[in-house]
Amino acid sequence: MNTQKEYELISKCILQIEEKLGWGESSNWHSEVFIELSETIQEQTKVLLSPTTLKRVWGKVNYNSSPSISTLNALSQFIGYSNWRDYKNHQNSNKSIKKTLVNMPIVFSLAAFLALLFISLFSTISSNKNELTTEDISKIKFSSRTITNGMPNSVVFDFDLSNIKSDSIYIQQYWDVTKTIKINNKQKQATGIYYFPGYFRAKLVVDGNVIKEHDLFIKSNDWSASIDYKPIPKYLKPQQFVDDGLKLDDDLLTEIKSLKTPIVSTYHFINDLGNISGDDFNLETTLKNNFNEKWAVCQTTQIYIIGTKGALIIPFTIPGCISNINVMLNDVYMNGKEQDLSSFGLDLSSFKNIKINVVKKQLKVFINDSETFSAKYNESLGKLVGIRYRFLGAGEVKHIKLLNASEETVLKDNFQL
């Protein structure tokens with residue numbers, strides 16, 4: 001195998017993927033972007049590439065080996081080719097049209113030299129284009145405001161970029177990369193729409209560098225619920241899902257069971273919980289999954305614990321489906337295809353008591369008072385700002401109790417209207 005040629009093709013494939021996504025400069029992609037990319041590729045190709053694998057391909061993680069053929073096949077399929085061989089054949093076919101009788105090694109050497117020279121010149125031009133001092137940055141104003149208290153919710157960003165000369169200016173969000181907005185230095189405002197409550201970090205990015213950022217907190221106020229149709233979810237009224245617990249009413253259950261394609265329903269509580277650390281808390285809850293037929297046979301259920309700096313995603317599914325789940329502990333990601341996650345396998349047809357205990361970033365999961373899983377993460381979650389339950393199909397939550405490190409109750413809800 002010509003390693004240099006293979007590397008050039010992989011680099012070209014990556015650029016085509018970035019072009020298709022339109023998510024802005026990949027140099028500024030953070031961990032959540034690669035989680036989103038993993039889900040996007042799986043949705044289109046039915047192949048799961050872990051965020052860690054994608055970080056290696058994009059050079060975010062040091063790794064000496066080339067991507068596996070299965071990884072290259074999935075990336076090729078994502079941009080419309082049958083597999084990696086098909087992608088290479090198309091690229092080689094395009095090159096053959098442009099072949100000359102000149103000695104090809106000399107051409108490649110010259111091309112590599114010119115490419116390096118171009119990159120060097122381009123970098124110099126780019127760096128001169130935006131010689132922003134600390135004082136210049138301090139003069140840039142960047143703020144946001146929400147339009148309403150409900151969902152969906154639009155956000156107006158206000159800014160002044162008159163001192164910036166660049167054609168690469170973006171507003172990016174901490175959680176949702178689909179909210180990336182390309183702007184120009186003549187604009188004074190931009191808007192974005194949010195379909196779910198959450199805690200976001202708005203970043204003003206110029207030439208791949210974050211020059212301003214601030215928090216954006218879109219609250220659910222009390223409990224809210226949605227059936228997550230795409231692109232726009234169906235929002236539910238309290239009387240449709242609050243009844244001695246969080247539970248979809250019979251009409252909604254009938255609607256979901258009639259669907260021929262999978263759907264997820266979600267309960268959201270995103271609010272100010274006070275000064276409770278996301279790295280030291282106890283969550284006790286009782287839940288079950290109400291639908292295990294057709295496409296919902298796996299009963300997949302996820303508990304999201306959301307902080308100001310990240311999130312924990314704890315999944316549950318029937319034992320036979322544990323290969324399809326993933327665990328996210330902020331900066332630590334566990335892929336069910338690569339690791340044994342059978343400790344998250346259980347039958348949720350009846351209520352189960354779940355306890356999630358976190359002490360100094362050490363997480364333990366208990367099911368019906370028995371410890372089933374333990375792991376540690378490294379990067380702080382920040383302050384806790386919310387909890388989210390996601391059910392494949394539909395599920396029910398009977399009880400929730402959230403305690404801080406001092407075992408004081410921060411949130412207790414038996415869900416009465």
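Since this is a predicted model, take the numbers as computed values, not measurements. Reckoned from all heavy atoms, side chains included, excluding hydrogens, waters and symmetry mates.
With hydrogens and angles ignored, the 3.5 Å screen pairs no side-chain donor or acceptor of K361 with any backbone N or O of L381. The main-chain N or O of I211 is never found under 3.5 Å from a side-chain atom of N209 such that the two would form a donor-acceptor pair. The closest donor-acceptor contact from the side chain of Y333 to the backbone of P51 lies at 3.5 Å or more, if one exists at all. Not one N or O on the side chain of T301 forms a donor-acceptor pair closer than 3.5 Å with the backbone of F316. The backbone N or O of D158 lies less than 3.5 Å from no partner atom in the side chain of R145, so there is not a single donor-acceptor pair. Here the side chain of K364 pairs no donor or acceptor atom with the backbone of K355 at under 3.5 angstrom. Between the T409 side chain and the L411 main chain, no donor and acceptor come within less than 3.5 Å of each other. Between the side chain of T317 and the backbone N or O of C298 there is at least one donor-acceptor pair closer than 3.5 Å. Looking only at distances, no side-chain donor or acceptor of D228 sits under 3.5 Å from a matching main-chain atom of P233.
Within 6.0 Å of the CD atom in E19, the count of heavy atoms belonging to other residues, nucleotides or ligands does not exceed 12. Within 6.0 Å of NZ in K247 there are 12 or fewer heavy atoms belonging to other residues, nucleotides or ligands. Atom NZ of K141 is surrounded by 12 or fewer heavy atoms from other residues, nucleotides or ligands within 6.0 Å.
Side chain to side chain, T285 and Y389 meet the donor-acceptor criterion of an N or O pair below 3.5 Å. In this structure, a donor-acceptor pair under 3.5 Å is absent between the side chains of E36 and W29.
Within the 4.5 Å cutoff, the side chain of L341 has heavy atoms near those of the V327 side chain. Side-chain contact between L54 and S38: present, with at least one pair of heavy atoms (C-beta onward) separated by less than 4.5 Å. Using a 4.5 Å heavy-atom cutoff, the side chains of I303 and L287 are in contact. Inter-residue side-chain proximity for Q302 and P315 is flagged as met; some heavy-atom pair is nearer than 4.5 Å. Using a 4.5 Å heavy-atom cutoff, the side chains of I387 and I306 are not in contact. Using a 4.5 Å cut-off on side-chain heavy atoms (C-beta onward), F344 and I314 make contact. You'll find the side chain of W223 stays beyond 4.5 Å of the side chain of P238, heavy atoms only. A heavy-atom distance below 4.5 Å is not found between the side chains of F34 and T53.
Of the options D331, N330, D279, a side chain to side chain donor-acceptor pair (under 3.5 Å) to Y377 is made by D279 and by none of the others. Checked options K186, K212, K188; the residue passing with D160 is K188 (criterion: salt bridge (Lys or Arg N to Asp or Glu O under 4.0 Å)).
In this structure, OG on S277 lies 9.5 Å from CG on N404, to the nearest 0.5 angstrom. Atoms OG and CG, from S226 and L236 in turn, are 6.5 Å apart once rounded to the nearest 0.5 Å.
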Distance-only donor-acceptor pairs under 3.5 Å for side chains of residues 70-82, two or more places apart:
from: S70; atom 1: OG; to: S68; atom 2: OG; distance (Å): 3.0
from: T71; atom 1: OG1; to: S68; atom 2: OG; distance (Å): 3.1
from: N73; atom 1: OD1; to: W84; atom 2: N; distance (Å): 2.9
from: N73; atom 1: ND2; to: I69; atom 2: O; distance (Å): 3.3
from: S76; atom 1: OG; to: L72; atom 2: O; distance (Å): 2.8
from: Q77; atom 1: NE2; to: S82; atom 2: O; distance (Å): 3.3

Original post:
Can you list the steps and then say if I263 with I256 is a side chain to side chain contact (heavy atoms under 4.5 Å, CB included)?
Top reply: CA-CA 7 Å; I263 195 72; I256 288 173; 3.9 Å; yes
